[in-house]
Amino acid sequence: QVQLVESGGGSVQPGGSLRLSCAASSFTYRRYCMGWFRQVPGKEREGVATIDTYGRTTNTDSVKGRFTISQDNAKKTLYLQMNNLGPQDTAMYYCAAYVVPQSLVGRFSCPTPSSAYNYWGQGTQVTVSS
């Protein structure tokens, strides 16, 4: 059974940095996307960054130049390096996995909607305040 476990959240002052980790277990799919999402109470879950099997990445505009998604395949761990954090980044952060359907051959893109993702972690809270 696939499990995703996030860690690394916490409280930080504006301008600070955090690195989130997401450890994946029992995840053996060859073609996939891994993503970081965030959510604040009363708002929809927002996609932050994605990375696919081949290391191709995407970032939402609000985090470009500040957040970097990466993965260590040997450790089966996903990371999100967050720099120059601001109060607007305060949220619960989730990692998620999308398994590319076998019926989809050839090139694929990581989906944007959170509803497309098959597996989710429990979330880790990030709070940015002075």
Side-chain angles (χ1 to χ4, degrees):
Q1 186 171 350
V2 173
Q3 279 195 317
L4 303 176
V5 180
E6 302 97 332
S7 61
S11 295
V12 64
Q13 292 186 338
S17 298
L18 285 173
R19 188 175 82 155
L20 305 183
S21 299
C22 173
S25 59
S26 303
F27 192 82
T28 58
Y29 299 98
R30 292 180 59 247
R31 291 181 358 128
Y32 61 83
C33 294
M34 299 293 294
W36 287 101
F37 293 78
R38 64 187 180 185
Q39 190 171 25
V40 297
K43 292 192 175 182
E44 290 190 1
R45 194 164 292 188
E46 173 194 25
V48 175
T50 66
I51 188 167
D52 69 13
T53 311
Y54 309 105
R56 297 174 300 194
T57 64
T58 66
N59 287 297
T60 194
D61 286 345
S62 62
V63 306
K64 283 181 180 177
R66 300 189 300 123
F67 291 11
T68 302
I69 188 171
S70 62
Q71 60 188 352
D72 184 327
N73 290 329
K75 295 182 179 179
K76 293 190 176 181
T77 301
L78 177 73
Y79 301 101
L80 185 68
Q81 177 66 44
M82 305 186 294
N83 299 328
N84 193 22
L85 284 159
Q88 72 277 11
D89 299 312
T90 295
M92 183 71 79
Y93 283 72
Y94 299 89
C95 76
Y98 165 77
V99 179
V100 179
Q102 291 187 346
S103 59
L104 181 57
V105 297
R107 193 174 180 86
F108 65 92
S109 298
C110 292
T112 300
S114 61
S115 58
Y117 286 73
N118 307 98
Y119 302 101
W120 290 87
Q122 82 288 350
T124 186
Q125 178 67 37
V126 172
T127 302
V128 185
S129 70
S130 54

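For the atom pair T53 OG1 and N73 CG, the distance stands at 8.5 Å (nearest 0.5 Å). L80 CG to S70 OG: the interatomic distance, rounded to the nearest 0.5 Å, is 8.5 Å. Between the CD1 atom of I69 and the CG atom of N59 there is a distance of 7.5 Å, given to the nearest 0.5 Å. Separation of atoms CZ (R56) and CZ (R107) is listed at 4.5 Å; rounding is to 0.5 Å. The OG1 atom of T77 sits 12.5 Å away from atom CG of L20, with the distance rounded to the nearest 0.5 Å. Between the CZ atom of F37 and the CD atom of E44 there is a distance of 12.0 Å, given to the nearest 0.5 Å.
Both L104 and Y54 belong to a common hydrophobic cluster when Ile, Leu, Val, Met, Phe, Trp and Tyr are linked at side-chain heavy-atom distances under 4.5 angstrom. In terms of hydrophobic clustering, with Ile, Leu, Val, Met, Phe, Trp and Tyr side chains grouped at heavy-atom distances under 4.5 Å, I51 and Y119 are assigned to a common cluster. V2 and M34 fall within a single hydrophobic cluster, where Ile, Leu, Val, Met, Phe, Trp and Tyr side chains are chained together by heavy-atom contacts under 4.5 Å. Hydrophobic clustering (side-chain heavy atoms under 4.5 Å, transitive across Ile, Leu, Val, Met, Phe, Trp, Tyr) keeps Y79 apart from W36.
Counting all heavy atoms, side chain and backbone alike, L78 lies closest to C95 at CD2-CB, 4.0 Å. Here the closest heavy-atom approach between residue D52 and residue Q71 is recorded as O-NE2, 3.0 Å. Scanning both residues, L4 and C22, for their nearest heavy atoms gives CB-SG, 3.9 Å. When every heavy atom of Y117 is checked against every heavy atom of P111, the shortest pair comes out as OH-O, 2.8 Å. Taking all atoms of both residues into account, the shortest heavy-atom contact from M82 to L85 is CB-CD2, 3.8 Å. Among all heavy-atom pairs drawn from C110 and T50, the shortest one is CB-OG1, 3.6 Å.
Sparse packing is recorded around CD of Q3, with 12 or fewer heavy atoms of other residues, nucleotides or ligands lying under 6.0 Å away.
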side-chain contact (heavy atoms from CB on, under 4.5 Å) assessment of R66 paired with D89
CA-CA 11 Å; R66 300 189 300 123; D89 299 312; 2.8 Å; yes
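Ring geometry, Y94 versus W120: the interplanar angle exceeds 60°, so the pair is classed perpendicular (tilted spans 30 to 60°).
Counting only heavy atoms from C-beta outward, the side chains of R38 and V63 approach each other to under 4.5 Å. Between E6 and Y93 there is no side-chain heavy-atom pair separated by less than 4.5 Å. The side-chain heavy atoms of R31 and Y98, taken from C-beta on, include no pair separated by under 4.5 Å. Put simply, the side chain of T90 does not reach to within 4.5 Å of the side chain of V40, judged on heavy atoms. Side-chain contact between Q81 and S17 is present, with at least one heavy-atom pair separated by less than 4.5 Å. At least one side-chain heavy atom of S62 sits under 4.5 Å from a side-chain heavy atom of E46.
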